[in-house]
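Read through the structure below, which is laid out as structure tokens, and then see the notes.
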Amino acid sequence: MKRALIVLVATSLTVTASPASAGADPAPLNTSYAAAAKITPGGGITPQVTTGGALGGLLDFLTPVLDQVVTPLTAQLLSLPSTLVGSLVGGLTEAGYYANSPSSAQSPPASGYPTCASDGWNSDDCYGPLVPAISAAPLLTLGTGTLQGYAAADSTGSFGQAQTAGLMLSLLGINVGNLGVASSASQCLASHVCSSSSTLTGLSLLAGAVAAKTASDGSLLVSLNSGSYVALSTVSSPVTLSAAGVLSATAQSVGGALQLKIGLSLHDLLGALGIADVLSSLDATDSGSAVTLTMTIGPGTKTASDTTSAWGLEVGIGLTANVQLSVLGLVTVGLVATDPTGANLVDLQLGYTSAVNATNTDPSGAPPALT
């Protein structure tokens, strides 16, 4: 039975020359890995509360506001990162959507993906095509698409290939859209040459306001507001998106990825957190709150000495909330919730693969842990 991979570290090997014999151990195989996703927890949310107004300093008046409004909101925001990570891990990692290269030789298919549970492939080195179902609605839903991948190793090297196709994503009650077909392949040959590739097609977000795909050289091309595809580097300033269902949305190239900033109302946020009625209990009203869901998207590869990895699509999810409330016009409460380091709440690399040469002694070259 497959068990969730916690950490995989390449073993340091010392090889000494010796006469060949029938009982000699075979040369160690390189290792490879494929997964529907690599899931990395990000930073946490740090809430800061301020109070004011005509009665803002009176404890008897202020305590109900803090207990009935601020405390439940703060608790939900603090738990948001772990809730997102837990939902993704439970629906992807712990569901078994990953593969490790076998300890005995298993060559990759000539093309495409193997049929799992046949021709020597099993649930350890092969998965899919399978349909995930991740639901922590209204915070997060991810599903309806297909996942598949394999990890192989033989005398020529190690090989991993993975693909996610047609996954539909919803965050904080917002229908984000179709994450397209995200694929990657990684290999380390016996000659100590490692390489990776990634591809993305068909990504369509915010009712078509954002589309993306990779060019032949692996760089990201984007289409905004149904325009022509352009190189990501040309979107150097924020572009306002004509996206339905949100207060506002912009897109901009940031650090080699496309960053989307999606405006939500305080009502949207409270509803997504399951505490939509906290304001009405004290006749509190929104006096100018600003809530922004941030997403960074783009494919990637990373190759070093005797190790390589790739992902078809990376989705970083962040949130900032500046909540401003007024209670009967007598007390004002401010709650600023953000990660002071600017880190994402969670980072998701879809269609993830990696490969490591058997003689690599650097643990950082091993396929990363799945959280």
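When reading the values below, keep in mind they use all heavy atoms of this one structure, side chains included, and skip hydrogens, waters and symmetry mates. Throughout, numbering of the chain's residues begins at 1 and tracks the sequence.
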**Request:** Could you check Leu325 against Leu266 for side-chain contact (heavy atoms from CB on, under 4.5 Å), going step by step and ending with a plain yes or no?
**Result:** CA-CA 10 Å; Leu325 304 176; Leu266 178 59; 3.7 Å; yes

**Request:** Give the C-alpha distance, both sets of side-chain angles, the deciding distance and a yes or no for side-chain contact (heavy atoms from CB on, under 4.5 Å) between Asn178 and Leu203.
**Result:** CA-CA 6 Å; Asn178 190 331; Leu203 179 140; over 6 Å; no

**Request:** Assess whether side chain to side chain donor-acceptor pair (under 3.5 Å) is satisfied between Ser198 and Ser184, documenting all intermediate values.
**Result:** CA-CA 4 Å; Ser198 62; Ser184 78; over 6 Å; no

**Steps toward side-chain contact (heavy atoms from CB on, under 4.5 Å) verdict (Leu264, Leu247)** = CA-CA 6 Å; Leu264 286 76; Leu247 290 179; 5.6 Å; no

**Asked** Can you list the steps and then say if Leu80 with Leu139 is a side-chain contact (heavy atoms from CB on, under 4.5 Å)?
**Response** CA-CA 8 Å; Leu80 182 57; Leu139 290 179; 3.9 Å; yes

Anything under 3.5 Å between a donor and an acceptor, one on a side chain of residues 140-152, the other on a protein residue two or more places apart or in another chain? List them.
unit_1: Gln148; atom_1: NE2; unit_2: Gln163; atom_2: OE1; d: 3.3
unit_1: Tyr150; atom_1: OH; unit_2: Gln161; atom_2: OE1; d: 3.1

Cut-off 3.5 Å, no hydrogens considered: what does the side-chain donor-acceptor table look like for residues 228-238, sequence neighbours left out?
unit_1: Thr234; atom_1: OG1; unit_2: Ala231; atom_2: O; d: 2.6

Distance-only donor-acceptor pairs under 3.5 Å for side chains of residues 285-297, two or more places apart:
unit_1: Thr285; atom_1: OG1; unit_2: Ser326; atom_2: O; d: 3.4
unit_1: Asp286; atom_1: OD1; unit_2: Gly288; atom_2: N; d: 3.0
unit_1: Asp286; atom_1: OD1; unit_2: Ser289; atom_2: N; d: 2.8
unit_1: Asp286; atom_1: OD1; unit_2: Ser289; atom_2: OG; d: 2.8
unit_1: Ser287; atom_1: OG; unit_2: Gln324; atom_2: O; d: 3.1
unit_1: Ser289; atom_1: OG; unit_2: Gln324; atom_2: N; d: 2.9
unit_1: Ser289; atom_1: OG; unit_2: Gln324; atom_2: O; d: 3.4

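Leu270 contributes atom CG, which lies 11.0 Å from atom CG of Leu172 (distance to the nearest 0.5 angstrom). Atom-to-atom distance recorded for Tyr113:OH and Tyr127:OH is 7.5 Å, nearest 0.5 angstrom. Summarising the geometry, atom CG belonging to Leu348 is positioned 5.5 Å from atom CG belonging to Leu88; distances are rounded to the nearest 0.5 Å. How far CG of Leu206 is from CG of Leu260: 6.5 Å, rounded to the nearest 0.5 Å. Here CG of Leu77 is found 6.0 Å from CG of Leu269. Values are rounded to the nearest 0.5 Å. To the nearest 0.5 angstrom, Leu179 atom CG is 6.5 Å from Leu205 atom CG.
Side-chain N or O atoms of Asn100 include none that pairs as donor or acceptor with a backbone N or O of Tyr33 at under 3.5 Å. Side chain of Ser87 to main chain of Thr83: a donor-acceptor pair is present (N/O by atom type, distance under 3.5 Å, no hydrogens or angles). Checked by atom type and distance alone, the side chain of Thr214 pairs as donor or acceptor with a backbone atom of Leu200 at under 3.5 Å. Under the 3.5 Å distance criterion, the side-chain polar atoms of Ser118 are matched with a main-chain donor or acceptor of Thr115.
Among residues at least two apart or in separate chains, side chain to side chain donor-acceptor pair (under 3.5 Å) pairs with a member in residues 256-270 are Ser265-Asp268.
Residues Val246 and Val176 share a hydrophobic cluster, clusters being chains of Ile/Leu/Val/Met/Phe/Trp/Tyr side chains in contact below 4.5 Å. A continuous path of Ile, Leu, Val, Met, Phe, Trp and Tyr side chains, each step under 4.5 Å between heavy atoms, connects Val346 with Ile134, placing both in one hydrophobic cluster. Under a hydrophobic-cluster definition in which Ile, Leu, Val, Met, Phe, Trp and Tyr are linked whenever side-chain heavy atoms come within less than 4.5 Å, directly or via other members, Val278 and Leu73 are assigned to the same cluster. If you chain together hydrophobic residues whose side chains sit under 4.5 Å apart, Val254 and Leu224 never meet in one group. Leu350 and Leu169 fall within the same hydrophobic cluster, where Ile, Leu, Val, Met, Phe, Trp and Tyr residues are linked whenever their side-chain heavy atoms come under 4.5 Å apart, directly or through other members.
Shown here for Ala337 and Ile45, the closest heavy-atom pair between the two residues is CB-CG2, 3.5 Å. Minimum interatomic distance between Ala355 and Cys188 (heavy atoms only, all atoms of both residues): O-SG, 3.6 Å. Scanning both residues, Ala249 and Ala243, for their nearest heavy atoms gives CB-CB, 4.2 Å. When all heavy atoms of Gly271 and Ala276 are compared, the closest pair comes out as CA-CB, 4.0 Å. When all heavy atoms of Asn344 and Gly316 are compared, the pair lying nearest together is ND2-CA, 3.5 Å. For the pair Ala153 and Asn30, the tightest heavy-atom approach, listed with the atom from each and the gap, is CB-O, 3.4 Å.
Partners of Asp119 under the side chain to side chain donor-acceptor pair (under 3.5 Å) rule, at least two apart in sequence or in another chain, do not exist in this structure.
Using a 4.5 Å heavy-atom cutoff, the side chains of Leu258 and Ser253 are not in contact. The shortest side-chain heavy-atom distance between Lys302 and Thr308 does not fall under the 4.5 Å cut-off. Put simply, the side chain of Trp311 does not reach to within 4.5 Å of the side chain of Lys38, judged on heavy atoms.
For the residue pair Ser309/Ser354, the side-chain donor-acceptor check at 3.5 Å is not satisfied. A donor-acceptor pair shorter than 3.5 Å can be found between the side chains of Asn225 and Ser242. Inspection of the Asp154 and Ser107 side chains reveals an N or O donor paired with an N or O acceptor under 3.5 Å. With hydrogens and angles left out, the side-chain atoms of Thr301 and Ser196 include no donor and acceptor closer than 3.5 Å. With no hydrogens or angles considered, no side-chain donor-acceptor pair links Ser158 and Thr31 at under 3.5 Å.
Under a 4.5 Å side-chain heavy-atom cut-off, the cluster of Ile, Leu, Val, Met, Phe, Trp and Tyr residues that includes Phe159 is completed by Leu189.
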